[in-house]
Structures are given as structure tokens and as C-alpha cells.
Amino acid sequence: MANIKRGISLYSWHQEFYLRQLSLEECIAKASELDIRGIETLGEQMFPGYPHLSDQFYEQWNEWMKNYNTVPTCHDLFLETKKYKSRLLSEDEMIASVKTDIQHAARLCCQLIRVIVITPPSIMERCVEFAEKHNVKLLLEIHAPWTFSTEWIVQHLEVMDRVKSPNLGLVPDMGIFVKKFPRIISERALRDGARERFVNYMVDIYNNREDTTNLPEKIESIGGNGRELTLARLIQRFIFEDPHKLVEYMPYIKHIHGKFYEMTPDNRELSVPYHEIISALYEGGYDGWISAEYEGQRHIQDVYEVDGVEQVRRYWVMLQDLIDKISEEQNHV
Amino acid sequence: MFDRYLICEDGFQNVAKGDEIIGFRLNVRITYYRGVSLSAIEGFDVTVDGKSFPREHNLFSVRGRTYTFVELQEEGKERWELGEVAQLTVPLPGGLKPGPHIIEVLELLRISYLPALSEGLDKKTLILAG
């Protein structure tokens, strides 16, 4: 029996934080008001000074969790392999960096870490014991344009199969299931100077699942301008994986990023088929959080007021409806 | 992604050293969705009324400390945080004339998971007080 818990990644509200419209505490309070209990954070986004945070910070954090009746779910790890221009980080430096993230997650009292996809499989393997000791799971993010079957991910899965630690796993981002190209992105391209016939042509290619491997070259060859080329390159970073893959990979999945681009006033997401996703999660018996992850702000901020709080509210109205419907159907079977 | 917030509306001024005006200063914010190590900043190209001031000569200051282009690349401890206002100082003997100026800033960041540099670009008309 599936058990889906209501979460948010505070990534959803990074623009409000950036513009000092919401503080970290206000973000937590807003989530709580929306009856969202699980809080996922990016240390490098909303915790100035990360990773050198004071004891007082962690005390304050735990106090907020208690006061707002929320729980920390996941910390998002970034690995700066290209931190220095002249050289890549050594393996030992990467391990030290991941261990710092593990200690931070433990101090936040959260048990999950989103590991950025570029992290080498060998680093996961070499950090898992430390993670076990701190009761933290290292979850590799499956993020477009990568998907479960990408060679790099397959290498990670091989390590997971061999190590067999409950502290390794995956966090798929629902942005791998973009069925229809988000209209807020094509509309932005039009506002930025892309011509309608080029935009429609490219969106059709995406929506019809045609190959986008040489799309920028193709657009260039038919006289596309700079904005049209930018859109062509952006489209290449979008993918539509079959949501049923979630069932197949369920043994590895320990957390979910609920990516979405636009929630309409009647609570629909136009590009990601959440009914198929929730069905798959029920079929696979998913037991865990979905962290709402709003990513529309950057595409609309030029002409619209960004309201991430309202977007996340609508998202959870949609998901709750789907969850209620599907669990009811299952009870009747 | 935060290109439009890169150049701040306030803080545009000439900079003096002793009696001499040695350049001008702008307030800027990051165009990315999280803070970065200063070593990941690949610099800022500034253009004023069509005249370019390339990244190699511009100084970056955050929380009261100033870094040259070369010093930034080596600073792996200090960070530029999300939404935090920093200052760009552009050397220009005599500074700029009072009045409106068309300012362009290109911000370059090295983000480990991206194949190319992250570019933020903003253009604003700012008024230098007389």
C-alpha cells in the first residue's frame, strides 16, 4: 500500500527568498500553513555561510521544525567538481565535500540527501559507510536529460546492486516526464524575440517525440535567430520518460522531486502527467515524500508577478485529489 | 535566470581615492538560484554607453572584502550568497560624468554540473548623481 507524504523543496520559493520577500523562517511557516509537513532544503540557497553554520543555527532550525510542526526531509547536495578553474577536485576532496554534506544533513535531523547527478559512482561507494553511521541515505538524483537507462545512471545502479546498502538509492525528478513542452517556456521565447512559426515547429517536434539530437543545427539551417537557437538547445534538455518506469525502479526510489512548471487556476499541470505518475507510485507501493518543486519562476518573471506559494498550494490540491481518487479505487478492488 | 535583478538600481557612484576619482562602482546580485564559492566566479564584463570594461580589470567586493579577478579564482572558502548585494568596482581615471548611463553587465559563473559557463546578462539605465 502506497503512502505518499506531503513535502516541499524550498527551491520552489527561491525567487521570493532572493528578493527578500520571504525569509527562511517565513518559508517554513508558509509550508506549514499549506499543511505541508516535509521540508527539503538547499544549504547553498537559504543558509548563508553554508557549510560553516553555527550551533545556534541548528538549534534555531530544530526549534522552527517543532514550532511549525514540520520535519526536515532532505538536504540537496552539490558537488563542486569544477570549484577551481585550473583543476578538477581530487577524489579525496570530493569525499570530504560529501562527508560535510552528510554531517550537515545529520545536524538538520534529516535522513535523506539528494546527491547531484554528476557525483561519480565511486564517490557514492566510498561515502556510504559514513552515511550509514550518520543515519543518512545518499540518493542520486535522476534529472533530465538523464534518465534511468542513461549509461552514467546504469553505472550507479551497478554500485547500488553490488553494495546493497539501504543507505543508497535514487530520487527521480518528475521533470523526466515532460509529456508536453511547458507553454510558459515557449511563450517566454516568443516574448524574447523568437518567431511563432519557429517556436511552433520546435514545440511540435518535442510533443510528437521526434528526435531533437540535431535540432539547433536544423534551426540554424532554416534561418533561425539567436532566440530560436536558445530554445532549440533548451528543448534538448527536456525528456519524456514513461512514468511506468517508476514501478520498475521502485526498489531504488526513496524520495521524489515533484517538479512542475505551471499550475493553472483550476489546479492542472499542463506538461507533466501527474495522474500517470501517482498511478505508478501506487502500483509500485511508494512509501515516502513528494517534495513539490516549482520551476516556473524563471520563465515568467519578466512579465508576471511570481507567486510560488499559490503555485505550490495548487500543486498539492492536484496531488491530493489524485491520491484520494486512486486510493479510493484501490479500496474498491 | 535572475538576469533582470543582476544590476541593482541603487549604489551607482564614482569611487574616489584621496582627492582623485579612480573609477565607478555598481551594486550587483547573482543570477543563479543558489550561492557560489567565489572561486566559481569567472568575472564580470561591464559596458557603459557602449564602452567595454573587460573582466580582468574589474574588482569584486562582498561583505567588506575586495578581490581582484585573479584573487577571486583562488578564493575557495568565501561565498557569494543568493540575493546578496556585492559591489563591482571598475577602474576609470576621472570616473563617469553625472547623469544617465546605459549600463550592461555580463556575469560568468562556473557551475560544475553545467557543460558551459552560466551567463547572466542585464542592461539598465542608471543615473549617476552629480
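Below, chains carry the letters A, B, ... as their sequence lines are ordered, and counting in each starts from 1. Below, each value reflects all heavy atoms present in this structure, side chains not excepted, and no hydrogens, waters or symmetry copies.
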Should A:Gln15 and B:Leu82 be marked as a side chain to side chain contact (heavy atoms under 4.5 Å, CB included) after you check the CA-CA gap, both sets of side-chain angles, and the distance that decides it?
CA-CA 9 Å; A:Gln15 174 158 332; B:Leu82 184 68; over 6 Å; no
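- Within 6.0 Å of the CG atom in B:Leu117, the count of heavy atoms belonging to other residues, nucleotides or ligands exceeds 12.
- Atom CD of B:Glu71 is surrounded by more than 12 heavy atoms from other residues, nucleotides or ligands within 6.0 Å.
- Within the 4.5 angstrom heavy-atom criterion, no atom of A:Leu89 approaches chain B.
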Going by atom type alone, with no hydrogens or angles, which donor-acceptor pairs under 3.5 Å involve a side-chain atom of residues 17-28 of chain B and a protein atom two or more places apart or on another chain?
from	atom 1	to	atom 2	distance (Å)
B:Arg25	NE	B:Thr89	OG1	3.2
B:Asn27	OD1	B:Gln87	NE2	3.4
B:Asn27	ND2	B:Asp10	O	3.4

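- Listed options B:Ser37, B:Ser39, B:Gly35 were ranked by heavy-atom pairs under 4.5 angstrom with chain A; first place goes to B:Ser39.
- When heavy atoms are compared at a cutoff of 4.5 Å, A:Gln297 does not approach chain B at all.
- Using a 4.5 Å cut-off between heavy atoms, A:Tyr50 touches chain B through its backbone atoms (N, CA, C, O) alone.
- Salt-bridge check for B:Arg110 with A:Glu80: failed, with every basic side-chain N at 4.0 Å or more from each acidic carboxylate O.
- Per-residue heavy-atom pair counts under 4.5 Å with chain A were compared for B:Glu78, B:Arg79, B:Glu74, B:Glu75, and the maximum is reached by B:Arg79.
- Counting heavy atoms from C-beta outward, A:Arg298 and B:Asp3 have side chains that stay 4.5 Å or more apart.
- Contacts of B:Ile30 with chain A are made by both backbone and side-chain atoms, with heavy-atom separations under 4.5 Å.
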Quick one: do A:Arg20 and B:Glu81 satisfy salt bridge (charged side-chain N to carboxylate O under 4.0 Å, His left out)? Show the steps, please.
CA-CA 13 Å; A:Arg20 307 301 187 237; B:Glu81 304 290 357; over 6 Å; no
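- One distance of note links CZ of A:Phe78 with CZ of B:Arg34; it measures 4.5 Å at 0.5 Å rounding.
- Nearest heavy atom pair, residue B:Ser112 against residue A:Lys82, reads OG-N, 2.9 Å.
- Between B:Tyr5 and A:Tyr18, the ring-plane angle classifies as tilted under the 30° and 60° cut-offs.
- Interface remark: B:Glu42 contributes side-chain atoms only to the contact with chain A (heavy atom separation under 4.5 Å).
- Ranked by non-hydrogen atom pairs under 4.5 Å with chain B, the options A:Lys85, A:His52, A:His299 are led by A:Lys85.
- Of the listed residues B:Glu84, B:Gln73, B:Arg29, the one with more heavy-atom pairs under 4.5 angstrom with chain A than any other is B:Arg29.
- Counting all heavy atoms, side chain and backbone alike, A:Gln301 lies closest to B:Met1 at OE1-O, 2.5 Å.
- A:His14 and B:Phe2 make their closest contact through CD2-CZ, 3.3 Å (heavy atoms, listed as atom of the first residue, atom of the second, distance).
- To the nearest 0.5 Å, atom CG of residue A:Leu79 and atom OH of residue B:Tyr113 are 13.0 Å apart.
- Dense packing is recorded around CZ of A:Arg107, with more than 12 heavy atoms of other residues, nucleotides or ligands lying under 6.0 Å away.
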